[in-house]
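Here the structure is laid out as C-alpha cells; the discussion comes afterwards.
In this text, all values refer to a predicted model and were calculated from it rather than measured experimentally. If you read the sequence from its start, that first residue is 1, and numbering goes on from there.
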Amino acid sequence: MSDQPAVDAVDTAVYTVPTDAPEADGTLAWDKTTLVLVTARSGTTTGLGYTYAPAATAHLVRELLAGTVTGLCAYDVPRANELMCRAVRNAGLPGLAAQAIAAADIALWDLKARLLGLPLVHLLGAARTEVPVYGSGGFTTYDAGRQERQLRGWAEDQGIPRVKIKIGESWGTRQDRDLERVTRARAAIGDTAELYVDANGGYTGGQALRVAAALADQGVTWFEEPVSSDHLTVLAGLRDRIPLDVAAGEYGYTLPYFEHMLAAGAVDCLQADVTRCGGITVWLRAAALAHARGIDISGHCAPHAHAHAAAAVPNLRHLEWFHDHVRIERLLFDGVLDPAGGSVTPGADGTPGLGLTLAEERAAPYRTE
C-alpha cells in the first residue's frame, strides 16, 4: 500500500461570526455562530470539512481523532470513520464527539476527491444533477417587515419556491403570534410557493395537534419537530392525525438514532445533518435506511457540506438553505453555490472535492483559535 496516499496531518481552526440580527427559534436564542473547521492533508493536497459546534469540538479533534487517522490511506474514509467512532468510546459518541467526527469525515471525503481530481458528487456517484433547496430562517425574533423581506427575497428575487419560518416561540407560549406570523408569511409568498414551519420541539402533543389545524388552513405542508424528537411515540401519533408532513431527525448523532425514529413511524421525511451525524459516511447510510422504508431524506442546514452527498441519493427531498449558515459559508469560503431557481448543482464547474476553498483574508477577523 506504499503507493497509496496517506493522511499526513489533521488540523483545526475555529471561527465565530456574529449574526446579522438577533436570532431565535421556539426553544433557543443566539447572536453568534461558531464554525469548527477541520483540514486533512496528504502531501500537497488538503481537504476541508466543518461543523457548527462549540470550540471544544476542535480540541476533541486534535486530542482523539487526528492521531487516529494520520497515517491511514487517504482513500479509506469509511475505515477512518469507524476508527474515529471507536476512539471516542469513553468520551461519548453522541454530541460533540459525533460533530468532531463529522467535520473530520467531511474533510477526508473532500481530500479523497481532490486527490482523484473529481467533484465529490462524481466520486460518490450522482443520483441527480440538481438538488432542490428551501429558504430557511423566519426567526421568532424578526418583526413583520424583516420576515417579509427575507421571504420575498427567496421566493421572488431568487425564485426559491419553498420557504420555512420558525414557530413555537418561547416554548409554545406565544401561539397566537406564531399563527399570526404564519398568516403573514403566506401573504408574503403568495399561493404558489410552499410554506413550511419548524417548532423546534416547542409544543406539547395536544398543542401541536391544535396548531396543525390552523397551519393546514394556511396551506402549510411541512411541520418540523412539532414536539421534541425525543418523544417518538408522540411524534408518530401526530403524524397519524394531521395532514401535514411531519419531519425530524436533525439531532441524530448516530445511525441507530435514525433507525429508531424510522421504526417508530415518526416521520414522513427524515432530516439528517451531515455536520452532526458523523459526516458524509453516516449521512449516506441514514439515507439508505430511509430509502428502505420508502421515506425521503432532507439535508439539515450547512448546505455546502451537504450538497454533493445530497445529489448522490435517490430519495432526497431537498436541502435546507439556512440563512445563518449560508451567510457564514459565503463569508468564509470561495466556491459557494447559487440557489437561483430553487436548486443547486454541485460539481457543475468540475472543481474537485466540495468545490470550496477557505477565503483566508475574509475569514481571518473571525478566527478565535
Side-chain angles (χ1 to χ4, degrees), residues 15 17 19-20 33 35 37 47-50 52 106 109-110 113-114 117-138 146-165 188-190 192-196 222 271 273-275 280 283 297-313 316-363 366:
Y15 301 89
V17 180
T19 59
D20 57 359
T33 299
L35 181 147
L37 180 75
L48 67 82
Y50 58 92
Y52 292 97
I106 296 166
W109 278 109
D110 187 42
R114 289 172 186 256
L118 294 171
L120 181 55
V121 65
H122 295 168
L123 174 61
L124 298 174
R128 64 185 65 240
T129 301
E130 296 184 347
V131 173
V133 302
Y134 67 89
S136 174
R146 192 176 189 96
Q147 175 179 289
E148 180 175 351
R149 288 191 298 273
Q150 185 181 68
L151 298 182
R152 286 184 179 275
W154 288 320
E156 296 179 3
D157 299 343
Q158 294 185 285
I160 299 174
R162 51 196 85 83
V163 300
K164 186 177 80 179
I165 69 168
I189 65 174
T192 58
E194 296 179 55
L195 180 58
Y196 302 163
W222 169 282
Q271 293 178 284
D273 188 324
V274 74
T275 73
I280 290 168
W283 195 92
I297 191 168
S298 178
H300 174 264
C301 292
H304 292 90
H306 280 94
H308 289 256
V313 298
L316 178 78
R317 184 172 298 193
H318 42 42
L319 173 58
E320 184 170 10
W321 199 253
F322 182 55
H323 169 75
D324 197 18
H325 294 178
V326 168
R327 178 173 166 268
I328 291 169
E329 289 164 19
R330 285 174 172 166
L331 174 66
L332 300 184
F333 302 120
D334 291 322
V336 295
L337 299 166
D338 182 0
S343 64
V344 295
T345 53
D349 65 358
T351 303
L354 294 172
L356 301 176
T357 55
L358 180 66
E360 294 189 14
E361 287 190 13
R362 293 200 306 272
Y366 303 97

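- Each of L35, V326, V336, V17 was compared with L331 under the side-chain contact (heavy atoms from CB on, under 4.5 Å) criterion, and only V17 meets it.
- Considering CZ of R330 and CG of L337, their distance stands at 10.0 Å, rounded to 0.5 Å.
- Counting all heavy atoms, side chain and backbone alike, A359 lies closest to D334 at CB-OD2, 3.8 Å.
- Under the 3.5 Å distance criterion, the side-chain polar atoms of D110 are matched with a main-chain donor or acceptor of L48.
- Nearest heavy-atom pair, I165 versus Q147, reported as atom, atom and distance to 0.1 Å: CD1-OE1, 4.1 Å.
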Using residues 117-127 as the side-chain source, report each donor-acceptor pair under 3.5 Å to any protein atom, sequence neighbours left out, with the distance given to one decimal.
none

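- Between A310 and V131, the closest heavy-atom pair is CB-CG1, 4.0 Å.
- Separation of atoms CZ (F333) and CG (L37) is listed at 5.5 Å; rounding is to 0.5 Å.
- In this structure, CG on L316 lies 8.0 Å from CD1 on I297, to the nearest 0.5 angstrom.
- By the 4.5 Å heavy-atom criterion applied to side chains, D273 and H306 are counted as neighbours.
- The one candidate from S136, S298, P303 that meets the side-chain contact (heavy atoms from CB on, under 4.5 Å) condition with E320 is S136.
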Checklist entry - Can H323 and D20 be said to form a side-chain hydrogen bond (donor to acceptor under 3.5 Å, both in side chains), step by step? => result CA-CA 10 Å; H323 169 75; D20 57 359; 3.0 Å; yes
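- Of all heavy-atom pairs spanning G347 and H308, the tightest one is N-CE1, 3.5 Å.
- Once rounded to the nearest 0.5 Å, the distance linking CD of E156 with CD1 of I189 reads 10.0 Å.
- Considering all non-hydrogen atoms of both residues, Q158 and W154 come closest at OE1-CD1, 3.2 Å.
- Paired with H304 under the rule ring-ring contact (aromatic ring centres under 6.0 Å, His included), one option of F322, Y50, W321 passes, and it is W321.
- Heavy-atom minimum distance, P352 versus A113: CB-O, 4.1 Å.
- Under the side-chain hydrogen bond (donor to acceptor under 3.5 Å, both in side chains) test applied with Y134, the options R162, R317, K164, H318 reduce to a single match, K164.
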Item to check | Verdict with supporting geometry, Q150 and V163, side-chain contact (heavy atoms from CB on, under 4.5 Å) | outcome: CA-CA 10 Å; Q150 185 181 68; V163 300; over 6 Å; no
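- A 4.5 Å side-chain heavy-atom check between T275 and I106 finds at least one atom pair inside the cut-off.
- The side-chain heavy atoms of I328 and Y52, taken from C-beta on, include a pair separated by under 4.5 Å.
- When the shell of 6.0 Å around CD of E360 is examined, it contains 12 or fewer heavy atoms from other residues, nucleotides or ligands.
- Atom CG of L356 sits about 10.5 Å away from atom CG of L332, to the nearest 0.5 Å.
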